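Worksheet for the structure shown next.
Note that the structure is a prediction, hence the values are computed from the model and not measured. All ligand and atom numbering here is 1-based and tracks the order in the structure.
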Amino acid sequence: MTFTAQIKNVTFPDIIYNSSGPRCTTPEELEALGNSESSAIMMKSCSPESRNGNPEPRYKEVELGSINSIGLANHGYQKYIEYAAELKQQFPNTPIIASIVGFSQEDFLLLVEAFQNEPSVDMLEVNLSCPNVVGKPQIAYDFEVSDELIAKIFTVPGDKPIGFKLPPYFDPVHTEMMANILKKYPVSFITCINSVGNTLIIDPETERPLIAPKGWLGGLGGDYVKPIALANVRMFYKLLGDRMTIIWCGGIKSGVDVFEHLLAGASLVQLGTVLWKEDVACFARIKREFYEYMEKKWYTDVKEIIGKLKEL
Ligand code: DHB
């Protein structure tokens, strides 16, 4: 059994790959993804200049998930163009995805143009939802600013698929507002959800928070966020599923999780916290579990389940 997915001209050999964030910043980490069963190589969100990110400790795992405030540590977009070119030579059949983030509209436009012009990059995920930069709110919570930025992004020439990484929305009215903006543009996909931003985890033993940056607040991932991610995928699938691909990210750690998200409306899934915890071996394990669950239920094609959540 093999399951593939297509976004515009980009063919994914399977439907499970890495989210931008964990283990995708350095050339070694990216190569390890290429050598794994990940169906694509997603690169760490990059900015125009390289950044060291926030002070340590800035990532911690707990039983139910993870909290992070990396603060966009990355090598700067020019390095990711170089890395992509090397990766493409080594892994010609694996889609390479650039994740881009900026601190101004000009930054975003510079990066979109640069990656649209780089032949080894297949697709662009524009991050509108980084919660971890002090003093910079998550763009996609400001609908006017998002609308203006998305409009400008689509004025940049290029035919690579462009999609947006969205934060979790907690009210269907907000989901609908964002969906109405996205509908106006040739958006190829959305990725739901980024980590649940600005959360606090306390260690009762030490009586201290787990991470240092931003007043100890960080983005939450893992089990904690799965139902939030499911709700966002479902809501966006109902609003936009006929126009663009919905990619799920947030709380997957088993093949059954993948199955649930496809039912909710996702066509592809990204692994975050589980990749941090288990390293690249998680792709083969989760893929195997997903295939086994599909077989157990007598399904042979993902099209039979995508969006097919039964009514109550
Ligand atoms: C970081 C975290 C995010 O959730 C994101 O979308 C981009 C960057 C970070 O802290 O590095």
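Between G219 and ligand 1 there is no heavy-atom distance shorter than 4.0 Å. Distances shorter than 4.0 angstrom occur between a heavy atom of K44 and an atom of ligand 1.
For N127, a nitrogen or oxygen atom sits less than 3.5 Å from a nitrogen or oxygen atom of ligand 1, counting backbone and side chain alike. Taking any N or O of S69, backbone or side chain, none lies under 3.5 Å from an N or O belonging to ligand 1. Looking at ligand 1, you won't find any N or O of P131 less than 3.5 Å from one of its N or O atoms. Ligand 1 has no N or O atom lying under 3.5 Å from any N or O atom of S129, backbone or side chain.
In the model, K214 has no side-chain atom that pairs as donor or acceptor with a side-chain atom of N54 under 3.5 Å. S20 and E125 are not linked by any side-chain donor-acceptor pair at a separation below 3.5 angstrom, with hydrogens and angles left out of the test.
Counting the atoms of ligand 1 from 1 in the order shown, those under 4.0 Å from a heavy atom of N194 are 3 (C), 4 (O), 5 (C), 6 (O). Residue-ligand proximity, S195 to ligand 1, at heavy-atom distances under 4.0 Å covers atoms 4 (O).
Of the residues K8, K88, K160, the one that meets the salt bridge (Lys or Arg N to Asp or Glu O under 4.0 Å) test with D122 is K88.
Under the 6.0 Å cut-off for aromatic ring centres, F283 and Y17 do not qualify, their centroids lying 6.0 Å or more apart. In this structure, Y293 has its ring center at least 6.0 angstrom away from the ring center of Y299.
Of all protein heavy atoms, the one lying nearest to atom 2 (C) of ligand 1 is N132 ND2, 3.4 Å. Looking only at protein heavy atoms, the nearest one to atom 11 (O) of ligand 1 is L72 N, 2.6 Å. Here the heavy atom of the protein found nearest to atom 1 (C) of ligand 1 is C130 SG, 3.7 Å.
Ring pair Y185/F154 is parallel by interplanar angle, where below 30° counts as parallel and above 60° as perpendicular. The aromatic rings of Y59 and W276 lie parallel to each other, their planes meeting at an angle below 30°, with 60° marking the opposite boundary.
Only side-chain heavy atoms of N68 come within less than 4.0 Å of ligand 1; its backbone N, CA, C and O stay farther off.
Side-chain atoms of E37 never come within 3.5 Å of backbone atoms of A284 as a donor-acceptor pair (strictly under, hydrogens ignored).
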